[in-house]
Amino acid sequence: MIPLSWYVILSAALFTIGVVGVFSRRNIFILLMSIELMLNAANINFIAFSHYLQSLTGQIFVIFVITVAAAEAAVALAIIILLARNRGSVYVDEFNIMKG
Amino acid sequence: MLTYALIPILPFAGFLIAGLFGKYLKERAAYAAIAGVVGAFLLSFSTFLDVLDGTIINENLYSWISIGTLSVNVGFQIDQLTAVMLLVVTTLSSLIHIYSVGYMHGDKGYARFFSYLALFTFFMLVLVMANNFLLMFVGWEGVGLCSYLLIGFWYEKKSASDAGVKAFVVNRVGDFGFVLGMLLIFSTFGTLDFAGVFAALSGPAAKQSIALLGGNISVVTLIALLLFLGATGKSAQLPLYVWLPDAMEGPTPVSALIHAATMVTAGVFMVSRCAPIFSLSETAMTTVAVVGGLTAVFAATIGLVQNDIKRVIAYSTISQLGYMFLGLGVGAFSAGIFHLTTHAFFKGLLFLASGSVIHALSGEQDMRKMGALKSKISITHVVFIIGSLALAGIFPFAGFFSKDEILWSAYSSPGMGRVLWLLGVAGAFMTAFYSFRLIYLTFYGESRIDHEVEHHVHESPKVMTVPLMILAFFSLTIGWIGMPGAILPNVNLFGNFLAPIFPHAEHAAAESHGIERWLMLFSVLVALSGIRMAYSLYVKNTSLPDRIADRYKGAYNLLLSKYKIDEIYNYLFVDGLVHKVATFLYKVGDVKIVDGAVNGIARLIGTTSERGRRIQTGYVQQYAFTMGLGLVVLVGLYYVLK
Amino acid sequence: MLELRLHQLDYPLLSLMIFIPVLGSFLLLFIRNAATVRWVALGFSFVELALCVPLLLNFDSSIPHMQFGESHTWIAAWDINYRLGVDGISILFVALTALLTSISIMVSWTAIQDRVREFMIAMLFLEAGMIGVFTALDLFLFYIFWEAMLIPMYLLIGIWGGPNRLYAAIKFFLYTLVGSVLMLVGIIAVYVAAGNTFDVLTLMNHKFSYTFQMWVFAAFFLAFAVKVPMFPVHTWLPDAHVEAPTAGSIILAGILIKMGAYGFLRFSLPFFPDAAMKWTPAIMVLSVIAIIYGAYMAFAQTDFKKLIAYSSVSHMGFVTLGIFALNLQGLEGGILQMLNHGVSTGALFLAVGVIYERTHTRQIADYGGIAAKVPVYAAFLLIITLSSIGLPGTNGFIGEFTILLGAFLHSKPYAVIASIGIILGAGYMLWLYQRVAFGTITNPHNEHLADMNLREVAAALPLVVLVFIIGFYPNAAFGVMHASVSNLMQHINEKVQTAPAVTQMVSDVLRMSN
Amino acid sequence: MINKVIFLYFAAVILASAIMMVTRRNPIHSVLFMLLLFFHIAGLFVLLNAEFLAAVQLIVYAGAILILYLFVVMLLNVDKESIAARANRYWPWIAAFGILIAGEVVLLVSRGIFPADEGQEPMRLASDGVLSLGTELYTKYLVPFEIASVVLLVGLVGAVMLAKIKTKE
Amino acid sequence: MSIMYQDFLRSIMPINAEVIVVTVALIVLILDFFVEEESKYYLGWLSLGGIIWAAAATYNVMGANGAFFSGTFLLDPFSTFFKFVFYLACGLGILVSINYLKIEDIRRGEYYALMLFATSGMMLMASAGDLITLYLGLELMALSIYILAGFMRSDNRSNESAIKYLLLGAFSSGIMLYGMSLLYGLSGTTNLAGILTFLREADLTNPVLFLAMIMLVVSFGFKVAAAPFHMWVPDVYEGAPTSVTAFMSAGPKVAGFAVLLRVFTYALEPLHAHSTAIIAGLAVLTMAVGNIMALSQTNIKRMLAYSSIAHAGYALVGLAAGGPDGAASVMLYVCIYALMNMGAFGVVIMLRKTGERGEEITDFAGLGKSNKTAAFLMLIFMFSLTGIPPLAGFVGKFYIFKAAVEAGLVWLAVVGVLFSAISAYFYLRIIMIMYMNEPKGSFELTTSPSLALALAISVTAVIVIGVYPTNLLNFARASIIGIM
């Protein structure tokens with residue numbers, strides 16, 4: 001049988017990749033997708049745990065996570081469109097009018 | 001009781017009236033002051049009669065300060081000493097008030113002048129009547145204040161106001177000693193009343209001694225020395241005499257009343273008031289005697305060469321005060337007080353007379369611009385000579401009796417008595433010399449007066465000359481009340497009168513009258529020779545002084561510049577110890593260090609903030625990164641916390 | 001032990017004294033006309049003054065207890081009560097506050113032309129706050145007033161002040177705030193240590209552990225030392241004084257900086273006698289430094305107000321010296337000196353204000369020879385100068401002498417050094433007076449200087465009278481405070497305990513910081 | 001055993017495509033790698049007997065969200081980043097940091113103890129798994145379910161409101 | 001039928017406050033289609049009515065204490081207290097918005113709907129009994145606020161603040177989710193009560209547990225703007241429409257503290273030993289960053305942003321103190337803070353008017369002359385934020401530090417008071433500029449009944465609470481039932 005820790009470690013690795021992605025890439029889409037990576041890492045955890053704990057809560061949580069992710073993506077993309085419209089750029093490091 | 005209280009109150013009333021309503025009373029203000037002072041004089045006389053039979057009045061008016069064990073009353077102790085002082089003060093004060101009516105006529109500060117003068121009288125009376133140290137200190141500082149105000153009376157003159165401040169501050173240095181003395185007295189004896197303290201002197205408290213600068217000093221001595229420091233300030237003794245010559249900036253009546261007759265003698269009075277304390281401490285007594293003797297000579301030497309008529313008299317005053325302390329120092333308290341009394345009269349006379357001269361010469365004070373005045377202002381001339389003879393100590397003038405009593409007690413006192421005596425004699429010689437130098441320069445020889453001044457030289461009005469004559473009379477006669485046993489046995493009224501309150505330190509034994517007579521003769525001769533020398537120098541061949549001056553240039557200039565003491569004090573204390581240090585402390589200490597630290601902290605925080613703004617770059621990823629960093633650090637804490 | 005005398009009168013006198021000014025300032029909100037505002041404000045300050053009459057008449061000076069007591073529950077959850085009362089110490093300052101406030105309002109009559117209404121509102125609020133500080137018998141309430149006072153004072157300096165007012169105001173506020181917030185922690189610590197009570201009287205009887213006292217005393221000390229102000233935390237005072245409007249300076253010098261010393265008397269000494277004893281040498285040294293140092297600073301000043309400000313540092317040095325002599329003479333002298341300083345320095349600032357209003361310069365060099373032009377003013381200034389240099393017959397002398405006596409009995413060296421301050425004091429004050437009043441007119445602007453008018457004389461007269469009353473009959477003041485002060489002394493002597501072993505102290509520290 | 005192999009395959013592809021996604025210069029490529037990743041995650045879910053979730057993963061994530069991304073990317077036809085600017089200028093730090101955080105998290109997680117140990121029988125509820133899931137969702141988690149609906153509504157409103165071309169203003 | 005209707009009502013009774021808010025939001029959305037652009041502000045008043053209605057509903061169930069919907073939803077005094085704070089924040093937010101939107105020319109009803117949605121999200125966060133509810137409530141709130149922040153679509157600053165907030169928000173919720181997943185993996189449940197019971201006899205040295213806790217600290221810390229997770233705050237606050245900023249600074253922050261309290265003093269209570277140390281550290285850092293950075297700001301909104309960070313720091317002190325008093329102090333503090341901040345932003349909004357931003361601190365110059373009332377209000381709020389008695393801000397700080405000292409965290413209290421002394425500088429700077437500088441050209445302030453009402457409410461509250469805090473205090477102390 002597959003040890004639970006394998007799943008957890010996999011998710012940890014995935015989470016980390018997501019985090020690093022958020023830090024490093026300029027392109028806002030890739031930023032968002034990196035965040036999705038983090039969410040997916042969490043999802044893997046939930047599913048794995050719910051499997052090993054014999055409890056459905058994890059799966060339920062994942063459903064909600066995905067729902068929220070969808071809503072968030074919609075809003076995010078809307079804002080990106082605004083930005084692209086007003087600034088003609090999708091590179092986050094160009095959005096720094098406000099600092100200090 | 002009330003009658004005694006009235007003695008100071010009357011002049012105070014005079015002060016209030018003249019001070020508050022001076023604006024409306026104009027010159028009539030003088031009458032209020034005079035009335036007050038004369039009233040005080042009459043009351044003092046009746047008081048004098050009350051205590052003539054040796055009774056001592058000691059009454060409290062009301063409780064002034066009372067905290068725990070500290071309980072000070074406003075109260076009067078009137079004994080023979082006080083009575084003498086009362087008479088001296090009120091007499092002189094009255095006469096000088098009257099004299100001033102003429103002298104100050106037409107001055108725009110007329111009312112102010114009289115109010116100050118009356119206020120001075122008030123404080124002086126408080127000083128002499130007080131029955132405890134603290135109240136005495138009130139009078140003590142009060143007269144200081146008045147002298148400050150009166151020296152600076154013509155405040156537009158910078159020199160005048162400077163002199164005023166100088167007088168007050170130098171006196172404060174003395175008072176520093178006085179205050180500490182009082183603190184030590186209270187902490188030792190638990191009271192500040194004269195009676196209480198003197199009573200306790202015989203007790204154990206007086207025996208103790210305290211550590212000071214490694215050494216060990218008896219409390220009584222320390223008290224005495226501290227009080228004496230106060231006395232040197234007030235009575236212009238070494239090293240605090242410097243203010244008195246400058247005090248001549250004030251109007252001449254002020255010099256007469258305050259800086260010759262009364263205030264400056266307060267030190268002498270205080271020391272004799274504390275005779276019981278002083279006489280317990282050999283050290284203190286010697287100190288007093290030595291300081292007195294030295295001052296007597298020191299001031300006289302300066303007096304030899306001064307050209308300002310008032311300054312000459314001022315230095316003679318310092319020197320005469322020296323004699324008084326010399327007397328007190330050798331235990332001849334009554335002699336000291338006696339000299340105080342006589343001196344008050346003849347020195348008052350001299351000052352008023354010089355005032356009359358100055359008045360005649362419309363303000364001229366430099367003797368090099370005088371001469372040949374004897375016919376022009378004859379009354380002044382006569383009284384001036386009487387005063388000078390008294391000062392020089394020529395028989396039978398007042399000065400003779402008092403000075404010789406002091407010299408004799410010095411001579412006959414054990415220890416360094418003879419040395420002190422020699423100092424005294426030397427001083428006597430110089431005194432005779434410079435006082436007649438003054439007379440010759442002023443009244444004899446050929447006139448050196450500026451011409452426009454020459455025209456309106458005139459004798460002073462009656463209101464001024466009458467007091468002069470009265471004083472002259474006293475200068476001649478007052479000495480006789482202290483007739484030494486060596487001349488007429490057992491008629492020393494003065495001595496006997498004061499006998500009950502002073503410890504009997506008189507060494508004059510009957511069988512030694514022989515020596516005493518010889519000494520008297522000797523000192524008179526010395527004085528006469530001094531006068532003769534002055535005559536030969538300033539009347540016979542007037543070129544001689546300059547030649548001597550050239551010959552001993554160094555010495556002459558040193559004397560002329562008063563040993564440069566003022567300059568040294570200025571450099572050391574006024575500029576150095578005060579202004580330079582203050583400026584440095586402020587510019588560096590306060591602004592840079594103390595305040596600098598505060599502002600520095602503020603600035604530090606400010607710059608931190610400015611720097612911090614750079615961290616907030618506006619890059620969203622950097623924000624996320626910071627979060628991540630925080631996450632990592634916190635997670636890392638796991639290894640710390642467990 | 002001390003008790004709170006309730007229902008002494010059938011009306012809450014102290015509350016009235018606190019809230020009548022507040023009421024007044026609310027009333028002012030609805031008045032537009034400046035002249036009316038002035039009169040109303042003056043009226044209210046006079047009402048306050050009038051209330052001092054029943055206060056002083058009904059005060060029983062034979063007992064040390066807190067009188068005119070009021071006590072109402074306020075915040076039950078924290079056992080905070082609205083508790084007021086005065087004893088022989090605080091009553092004097094309540095009266096002084098009422099007097100000086102009226103005087104300040106009179107002084108500001110023409111000096112303040114801009115935003116008169118706001119100014120008067122600030123003044124009245126300030127008065128309420130100050131009286132609150134002196135009457136509060138609940139630590140929390142005390143702190144409320146203590147801090148609340150900062151607001152109007154800050155505005156007074158900041159809005160109606162001189163050219164550099166911004167710096168001065170913020171410096172004043174921050175400086176005092178830093179001190180007080182630490183005291184706040186101290187107050188909370190006391191509250192916790194004493195079993196959740198803010199009642200001053202209860203706390204007085206509570207014995208705090210030795211180590212605890214050491215720490216908390218320090219916290220309180222900082223707050224009070226800044227207010228006094230003691231060397232080396234005095235630098236806010238010159239700036240604040242120089243920039244503040246006349247009224248502000250009078251209140252600041254007259255009342256505000258007294259609160260530090262009052263705090264020592266009311267809280268530090270009774271709560272932490274051991275700490276007080278332990279810290280006494282250090283505080284004595286600081287006081288002596290303040291005396292000499294302040295005097296020296298005064299010598300170096302060219303600015304009229306700054307000079308007086310530094311002289312205040314010197315004088316307050318005397319106050320702390322007396323208080324921490326911890327004997328009757330010292331304490332009573334210190335308290336009297338607080339009053340004196342309030343009167344004299346208040347009057348000095350009044351004098352500066354009077355002349356500043358005419359010449360608009362504070363540089364001493366711009367004066368000189370004005371005695372000829374303004375005799376009344378010169379006389380007034382002279383009297384105050386003398387009182388400030390402690391000439392016998394004036395109030396200053398009594399205070400300084402009794403303090404020196406107390407200090408001398410406590411330990412001689414301090415008194416000896418402090419006495420030098422008397423010489424210096426005479427020096428700089430007379431020099432100041434000489435430079436201002438004497439000599440010939442140097443500045444043409446002073447040629448047509450107008451003498452003090454009736455209003456100004458009326459404002460100055462009470463102070464002059466007080467100078468002499470206290471000078472000639474100080475028992476009037478001492479009599480009021482005797483009972484309370486001796487009670488305080490006795491209280492300290494009873495409470496003081498011997499220092500515990502080091503191990504004990506260490507364990508205390510550990511327990512305190514869990 | 002076979003499961004292990006399958007898991008390892010999935011894990012390998014997931015990590016690989018994650019890394020590719022993060023490092024691709026062309027966003028469209030990244031999106032495609034993301035798609036790949038989602039598919040394998042779905043596979044993982046199946047391996048864990050969460051078939052329904054696998055389906056949701058595919059439909060919602062791959063089918064909806066990702067397509068939306070793709071759509072927008074193309075809509076804005078973002079040109080690929082220049083080599084210099086692919087990563088922002090701190091990337092070496094970030095790399096180091098990445099290793100650090102990975103180390104920490106993985107270390108902690110691997111040293112962690114989970115009550116659910118591997119020994120037991122995994123759930124075999126494939127057939128009525130969905131049913132019980134539904135029951136759970138509509139009874140126990142009713143409130144969250146309702147909230148989710150509001151969340152979606154907000155998302156909808158927000159998207160529309162923000163993105164729609166301004167009529168006027 | 002009616003019976004069913006009855007039990008339906010009864011069944012949703014615990015949650016009807018939320019239901020009301022959401023319903024009103026929906027009504028607003030629908031009416032939005034029919035209302036003329038000029039009269040959109042009626043929707044504002046409508047939403048306000050909704051809030052009041054919800055408040056009434058909550059008032060009816062006051063004192064109720066129980067878990068509903070199988071433990072996913074808690075209705076207890078704790079949540080009730082916070083709900084009132086949210087109503088306050090939202091109500092004041094709406095009041096300050098109505099006029100502001102006119103100026104900004106935002107004529108859209110969604111605005112109010114979103115505010116209501118956000119509020120409902122907060123309410124759910126406060127009464128979440130289950131990580132899932134918590135997560136969804138949080139996301140609901142966050143999502144609405146993202147949109148509100150970006151509401152000025154044509155304004156670059158607004159867009160930027162929206163995207164920054166969204167990216168970082170999503171990032172932090174990613175971290176939170178991971179933490180939650182681990183927590184779930186350990187305890188086998190997402191129910192807070194369940195987690196508590198699990199932790200009661202769990203091995204607390206388990207690294208994963210620690211990891212999970214940290215991740216929750218980070219993500220909640222992000223919501224309450226605790227350093228070093230605060231960096232979004234200044235930018236987002238500056239960019240967002242001022243009315244939204246006001247709402248943001250009051251609502252979500254308070255909600256964040258509700259969650260922090262619920263999780264750390266209730267669910268993760270057994271971990272208190274660890275969490276206290278960490279939170280104390282964060283508190284110090286937060287106070288330092290907030291107060292020091294605020295000193296050098298020139299934009300009033302940024303300045304208030306940093307000040308809100310600083311205040312989060314003070315509240316964290318109370319959280320670190322823990323225990324009933326600690327919790328109560330935090331609750332009292334955030335409530336007072338919301339009031340003061342709302343007031344301050346209200347005054348800032350008065351300065352905003354078409355043409356000029358009125359956001360620079362220098363724009364306040366001479367306000368004390370040109371508009372006495374506004375200046376006086378600002379003065380009150382500034383002194384209150386500084387914590388000078390007798391104003392509410394002091395009471396809040398006092399309780400916080402009192403709790404800290406009682407918990408033995410004397411050092412923390414000392415640090416706190418020192419920083420609050422520093423904070424005096426930048427608050428007083430505003431007052432200085434208002435009263436002590438001359439106006440740079442007189443300007444008219446834009447005011448309106450709604451704004452006036454909002455300011456009146458907050459200033460009255462600030463003064464009354466300052467002088468007589470007893471009632472609010474007792475309410476807070478009574479409301480910790482549910483997390484103790």
Side-chain angles (χ1 to χ4, degrees), chain B residues 19 23 62-70 74 112 123 134-135 137-142 144-145 148-149 152 155-158 160-162 164-165 168-169 171-173 175-176 179-180 182-184 186-187 210 578-579 581-587 589-591 593-595 597-599 602, chain C residues 171 174-175 231-236 238 293 295-301 327-329 332-333 369 371-372 375 379 382 386 389 391-393 397-398 401-402 404-405 408-409 412 415-416 419-420 422-428 430-431 433-434 437-440 472-475 478 482 485-486:
Chain B
K23 218 158 93 206
Y62 67 93
S63 159
W64 186 26
I65 306 174
S66 68
I67 309 170
T69 55
L70 170 70
V74 173
R112 189 160 55 93
F123 277 122
L134 206 57
L135 188 59
F137 189 67
V138 173
W140 185 267
E141 284 262 299
L145 165 67
Y148 160 78
L149 291 173
Y155 52 77
E156 290 89 349
K157 262 168 67 190
K158 177 129 183 14
S161 57
D162 283 344
V165 176
F168 197 94
V169 175
N171 270 304
R172 268 280 163 133
V173 177
D175 302 344
F176 168 71
V179 170
L180 289 182
M182 284 194 289
L183 295 179
L184 193 54
F186 183 81
S187 66
I210 55 175
V578 176
H579 288 298
V581 176
T583 324
F584 175 79
L585 269 184
Y586 177 64
K587 292 247 156 58
D590 213 49
V591 176
I593 297 168
V594 181
D595 206 19
V598 179
N599 294 335
Chain C
K171 191 174 184 179
L174 286 184
Y175 225 129
F231 178 88
V233 287
H234 61 276
T235 50
W236 64 269
Y293 184 84
Y296 264 116
M297 291 300 104
F299 265 111
Q301 299 312 317
N327 54 34
L328 282 178
Q329 288 81 4
E332 296 203 5
L382 178 65
L386 296 175
I389 68 180
L391 188 88
F397 171 68
I398 311 291
F401 181 75
T402 41
L404 286 175
L405 189 61
F408 195 83
L409 296 177
K412 300 186 170 52
V416 175
S419 320
I420 297 172
I422 300 186
I423 306 178
L424 295 171
Y428 64 76
L430 289 180
W431 190 39
Y433 187 75
Q434 181 191 9
F438 288 166
T440 47
F472 283 105
Y473 191 58
N475 281 343
F478 287 135
H482 274 321
V485 173
S486 38

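Every chain is numbered from 1 and lettered A, B, ... according to where its sequence line falls, protein lines coming before strand lines. Only heavy atoms go into these numbers, but all of them, side chains included; no hydrogens, no water, no symmetry mates.
- Each of C:Phe478, C:Phe401, C:Tyr473, C:Tyr296 has some count of heavy-atom pairs under 4.5 Å with chain B, and the biggest count is that of C:Tyr296.
- At least one side-chain heavy atom of B:Val594 sits less than 4.5 Å from a side-chain heavy atom of C:Tyr293.
- Listed by chain and number, the residues in a side-chain contact (heavy atoms from CB on, under 4.5 Å) with B:Thr583 are B:Lys587 (sequence neighbours excluded).
- For the pair B:Ser66 and C:Asn475, the tightest heavy-atom approach, listed with the atom from each and the gap, is N-OD1, 3.0 Å.
- With values rounded to the nearest 0.5 angstrom, C:Ile423 atom CD1 is found 8.5 Å from B:Arg172 atom CZ.
- Your options are B:Val173, B:Leu183, B:Leu184, and the one with the most heavy-atom pairs under 4.5 Å with chain C is B:Leu183.
- Note: C:Lys171 NZ to B:Asp595 CG = 3.0 Å, rounded to the nearest 0.5 Å.
- Ring orientation note: the planes of C:Phe299 and B:His579 are nearly perpendicular, at an angle over 60° on the 30°/60° scale.
- Note: B:Phe137 and C:Phe397 meet the aromatic proximity criterion, with ring centroids under 6.0 Å apart.
- Of the listed residues (B:Gly144, B:Gly68, B:Ser161), the greatest number of heavy-atom pairs within a distance under 4.5 Å of chain C belongs to B:Ser161.
- B:Phe186 places a side-chain heavy atom less than 4.5 Å from the side chain of C:Leu409.
- Counting heavy-atom pairs closer than 4.5 Å to chain C, the top-ranked of the candidates B:Ile210, B:Val179, B:Leu145, B:Val169 is B:Leu145.
- Closest approach of C:Ala300 to B:Ala582, counting heavy atoms only: CB-O, 3.7 Å.
- Here B:Ile67 contributes atom CD1 and C:Ile398 contributes atom CD1; the two are 9.0 Å apart, rounded to the nearest 0.5 Å.
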Take B:Val74 and C:Phe472 through the test side chain to side chain contact (heavy atoms under 4.5 Å, CB included) and record every step on the way to the result. CA-CA 9 Å; B:Val74 173; C:Phe472 283 105; over 6 Å; no
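- Using a 4.5 Å cut-off between heavy atoms, C:Ala298 makes no contact with chain B at all.
- With contacts defined as side-chain heavy-atom distances shorter than 4.5 Å, the pair C:Gln329/B:Thr69 qualifies.
- In this structure, C:Tyr433 OH and B:Tyr155 OH are separated by 8.5 Å, a value rounded to the nearest 0.5 Å.
- There is no contact between C:Leu174 and chain B, counting heavy-atom distances below 4.5 Å.
- In this structure, the portions of C:Ile389 lying under 4.5 Å from any heavy atom of chain B include both its backbone and its side chain.
- Judged purely by atom type and a 3.5 angstrom limit, B:Asp590 has no side-chain atom pairing as donor or acceptor with the backbone of C:Met297.
- Atom CG of C:Leu328 is separated from atom CG of B:Leu70 by 10.0 Å, given to the nearest 0.5 angstrom.
- Listed here is the closest heavy atom pair of C:Val416 and B:Phe176: O-CE1, 3.6 Å.
- Contacts of C:Leu404 with chain B are made by both backbone and side-chain atoms, with heavy-atom separations under 4.5 Å.
- Proximity to chain B (any heavy atom under 4.5 Å) is restricted, for C:Thr402, to the side chain, taken from C-beta onward.
- With values rounded to the nearest 0.5 angstrom, C:Gln434 atom CD is found 13.5 Å from B:Phe168 atom CZ.
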